[in-house]
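Both backbone and side-chain heavy atoms feed into the values below; hydrogens, waters and symmetry mates do not.
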Amino acid sequence: MSERKKSVIRLFAAAVLLFTVSAYRQLSIRYWSEDFLRPYLVWAVYMLLLFGWQHTITTKIMQKSMRGHLTAQNIVSILYLTVRFVQDAFLYVNIPWMRFTGYFINIAAVFIPLFGFYSAFYLGKPEDYQISKKWYLLLIPACFLSMLALTNDLHHFFYYIVPEEPQPNLYFHPYIGTYIIYLWGLWMIGHQVYVIYQRNGTTKSDPLYRKLVPFYEPILLFLFSIPYAATAYVVRFELVEYGAINLDGVR
């Protein structure tokens with residue numbers, strides 16, 4: 001079996017595992033609310049997938065800088081999903097802390113696409129290749145957006161408060177900052193797949209659907225996010241947990 005086929009099988013198996021653990025999480029919440037193992041099992045599967053990805057990064061990526069950017073991306077994913085684990089396992093009765101820690105998804109949404117964007121530049125380049133230092137200026141707005149997200153309760157730039165609702169609560173009504181992060185993530189992922197598209201290339205005779213394949217990911221990610229933004233991130237059913245699909249979607 002070729003290495004390409006093995007990679008496809010591994011990706012398919014990871015997707016099946018992600019859907020399975022998501023289904024288990026939702027069924028457990030609905031029909032077995034006292035299942036104390038749920039947050040631990042879900043977190044363990046996420047860590048298995050992320051550490052498996054880190055093993056691939058370490059053993060398959062030869063370019064040191066690319067390996068560093070992908071590792072940074074993976075670390076952010078691990079930290080965020082660990083925050084989600086702490087929420088589910090320990091903070092579910094503490095609404096103020098649940099709300100504050102919920103802001104960490106914005107940090108993941110800022111830095112994961114950014115590090116993926118950096119990594120795309122190294123495709124097809126020699127091992128000593130370095131991206132232009134000007135691209136690192138993007139770290140400034142990334143840090144600024146993260147700071148604004150964590151201090152949202154002071155200015156409500158990311159999520160506004162509805163006066164009639166009891167406070168505190170877990171209704172995150174999106175405001176300007178949230179949409180800025182959506183645009184940030186879509187631009188980063190879109191530019192990332194564009195760079196990959198340039199590296200792989202297509203011929204003029206290729207059908208349109210094949211030329212558009214690299215852009216399906218950001219489009220689907222955007223469509224997946226619409227129901228959450230429209231319902232203040234409170235939904236009754238999730239095909240795949242929102243945080244996990246956003247993290248997995250930039251792989």
Please check: side-chain N/O of Gln63 versus main-chain N/O of Pro126, any donor-acceptor pairing under 3.5 Å? yes
Would you please test Ile131 and Phe117 for side chain to side chain contact (heavy atoms under 4.5 Å, CB included) and show each step? CA-CA 11 Å; Ile131 63 175; Phe117 172 61; over 6 Å; no
Does the ring center of Tyr159 lie less than 6.0 Å from the ring center of Tyr171? no
Can you say whether the rings of Tyr136 and His69 are parallel (under 30°), tilted (30 to 60°) or perpendicular (over 60°)? tilted
With a 6.0 Å cut-off on ring centres, are Tyr129 and Tyr122 close enough? yes
Flag, side chain of Asn106 to backbone of Tyr103, donor-acceptor distance under 3.5 Å: yes
Is the NZ or CZ atom of Arg38 both under 6.0 Å from the centre of the six-membered ring of Tyr24 and within 45° of that ring's axis? no
Which class fits the ring pair Trp187 and His191: parallel under 30°, tilted 30 to 60°, perpendicular over 60°? tilted
Any side-chain to backbone donor/acceptor pair from Glu164 onto Val162? Under 3.5 Å, distance only. no
Checking the side chain of Trp135 only, and the main-chain atoms of Tyr118 only, is there a donor and an acceptor separated by less than 3.5 Å? no
Take Tyr46 and Leu18 through the test side chain to side chain contact (heavy atoms under 4.5 Å, CB included) and record every step on the way to the result. CA-CA 8 Å; Tyr46 287 158; Leu18 185 65; 3.7 Å; yes
Give the minimum heavy-atom separation between Arg99 and Asn169, together with the two atoms involved. NH1-O, 3.0 Å
Under a 3.5 Å distance rule, please check whether Asn74 uses its side chain to pair with a backbone N or O of Leu50 as donor and acceptor. yes
Val16 reachable from Val42 in the ILVMFWY side-chain graph, under 4.5 Å edges: no
If you take all heavy atoms of Tyr160 and Pro174, which pair is closest and at what distance? CE2-O, 3.4 Å
Taking His155 for its side chain and Leu148 for its backbone only, find out whether a donor-acceptor pair lies under 3.5 Å. yes
Is the ring centre of Phe100 less than 6.0 Å from the ring centre of Trp97? yes
I need the Asp153 CG to Phe158 CZ distance, nearest 0.5 Å. 12.5 Å
